[in-house]
Amino acid sequence: MAKTTSDDHRDPDLVAVQEGHAAASELTRPAGLDRDRILTAAIGFIDENGLSALTMRRLGATLGVEAMALYRYVPGREDLLDGVVDRVVETLFDKDDGDDIYVEDHNGWQDYLMRLAHGVRRIALAHPSVFPLVASRPPAAPWVRPPLRSLRMVESFLGTLTEAGFPDQAAVAAYRAYSSFLLGHLLLEVTQIGAQVSLLDQPEGDPEAQANTDLTQFPALLRTEALLSLDKSAAEFEEALENLLDRLERVLHEAKNSDGDVSDLA
């Protein structure tokens, strides 16, 4: 008989040996624990402690359980982080959550992009320490460029623009320009209010996430994989820089014709 210690009642392996698998299963499924509660706790933990501090052990301690108990509902860290992103992004697609921004109730593609931008900014301001995770590479589709971890958001964007008449290539070009602007601006904004932005991506993705994610749910994303996976960083940088210089030239012209009074560039 194995020697007992003061915390043996919390050791599911020992309980399985002494009392059977059913007893061990009950031990690792604490009453009231489910995926929803875990994700809510994870968001709260990140808000309070930062993303880099999040571990399964620390999250379990916050919930008053062993880390092993969490794996019944979130198979691993990548699944946990995916769930966190899904949870904060779902407000954009929930008409009854009390938020006045519901992206699918739009009046044309321009209104959609306005709603999406303001909705994502609200997420960033509400959860600044979570937001860098939204801008990380999706483990199930690491070829999405620029990276946006929410496949639902990418699918919604591409679907809305193609339905409005954008060909696939134009829709992807719009996605690149729009997401580069939006994520770049908001990442700078959250760093100004204390969020830590660190490298979170797995460049090759996560095999488990790829195996467990049914990408056929995202037909526009799959259809444009070849376009989304192209790295056009250099060309896009040059284009953005040229646009900025053109804008500054207009500002100079405006200043010369208004005694130095110009519009705010911010």
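Below, each value reflects all heavy atoms present in this structure, side chains not excepted, and no hydrogens, waters or symmetry copies.
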- Query: With the threshold set at 4.0 Å, does a side-chain nitrogen-carboxylate oxygen contact exist between Arg152 and Asp86?
  - Reply: no
Test: Glu78 and Arg149 ion pair at under 4.0 Å: yes
For this session: Spell out, yes or no, whether Tyr71 and Val74 are grouped together once hydrophobic residues are joined by side-chain heavy atoms under 4.5 Å, including indirect joins.
Result: yes
Open item on the list: Using modelled atom types and a 3.5 Å cut-off, is there a donor and acceptor pairing between side-chain atoms of Arg137 and backbone atoms of Pro142?
Closed with: yes
dist Leu215:CG -> Leu222:CG (nearest 0.5 Å) comes out at 5.0 Å
Shortest non-hydrogen pair, Val172 vs Leu228, comes out as CG1-CD2, 3.9 Å
_Thr191 side chain vs Leu188 backbone, donor-acceptor pair below 3.5 Å_ = yes
Run the numbers on Leu81 and Arg77 for side-chain contact (heavy atoms from CB on, under 4.5 Å), then give the verdict. CA-CA 6 Å; Leu81 299 182; Arg77 179 177 170 81; 4.0 Å; yes
Shortest non-hydrogen pair, Leu161 vs Ala171, comes out as CB-CB, 4.2 Å
Heavy-atom nearest pair, Asp105 first then Asp111, reads O-OD2, 4.4 Å
inquiry  = Quick one, Ser150 and Val134 - any side-chain contact, counting heavy atoms below 4.5 Å?
reply    = no
For Ala140 and Leu151 the tightest heavy-atom approach is CB-CD1, 4.5 Å
Test item: Ser156 side-chain N/O and Met153 main-chain N/O as donor-acceptor pair under 3.5 Å: no
Set out, in order, the CA-CA distance, both residues' side-chain angles and the distance that settles salt bridge (Lys or Arg N to Asp or Glu O under 4.0 Å) for Lys232 and Glu238, then state yes or no. CA-CA 10 Å; Lys232 295 188 175 182; Glu238 292 297 335; over 6 Å; no
Any sub-3.5 Å donor-acceptor pair from Glu155's side-chain atoms to Ala220's backbone N or O? yes
**Message:** With heavy-atom distances below 4.5 Å as the criterion, would you say the side chains of Arg87 and Asp36 are in contact?
**Reply:** yes
Output for pair (Asp206 CG, Asp82 CG), nearest 0.5 Å, gives 8.0 Å
Closest heavy-atom pair, Ser136 versus Leu133, reported as atoms and distance to 0.1 Å, is OG-O, 2.6 Å
Rounded to the nearest 0.5 Å, the CD1 atom of Ile46 sits from the CG atom of Asn49 at a distance of 9.5 Å
Query raised in the report: Is Met114 reachable from Leu125 through a run of I, L, V, M, F, W or Y residues, each pair having side-chain heavy atoms under 4.5 Å apart?
Result: no
Taken to the nearest 0.5 Å, the spacing of Arg115 CZ from Glu104 CD works out to 11.0 Å
* To do: Could you tell me whether a side-chain N or O of Thr213 sits under 3.5 Å from a main-chain N or O of Gln210, the two making a donor and an acceptor?
  => no
For Val84 and Ala42, the nearest pair of non-hydrogen atoms, with its separation, is CG2-CB, 3.8 Å
Exactly one of Leu59, Thr62, Val130 clears side-chain contact (heavy atoms from CB on, under 4.5 Å) with Leu54, and that residue is Leu59
Rounded to the nearest 0.5 angstrom, the CG-OG1 distance for Asp168 and Thr224 is 6.0 Å
Original post:
Are Tyr102 and Val120 linked, directly or through other ILVMFWY residues, by side chains that come within less than 4.5 angstrom of each other?
Top reply: no
Value for OG1 (Thr160) from CZ (Phe166), rounded to nearest 0.5 Å, stands at 10.5 Å
With Ile43 as partner, the option from Ile38, Val88, Val85 fulfilling side-chain contact (heavy atoms from CB on, under 4.5 Å) is Val88
Which of Tyr175, Phe218, Trp109 passes ring-ring contact (aromatic ring centres under 6.0 Å, His included) with Phe157? It is Tyr175
Self-check item: Any donor-acceptor N/O pair, Asn212 side chain to Glu208 backbone, under 3.5 Å
Solution: yes
query = Does Tyr73 offer a backbone N or O that forms a donor-acceptor pair with the side chain of Arg35 under 3.5 Å?
reply = yes
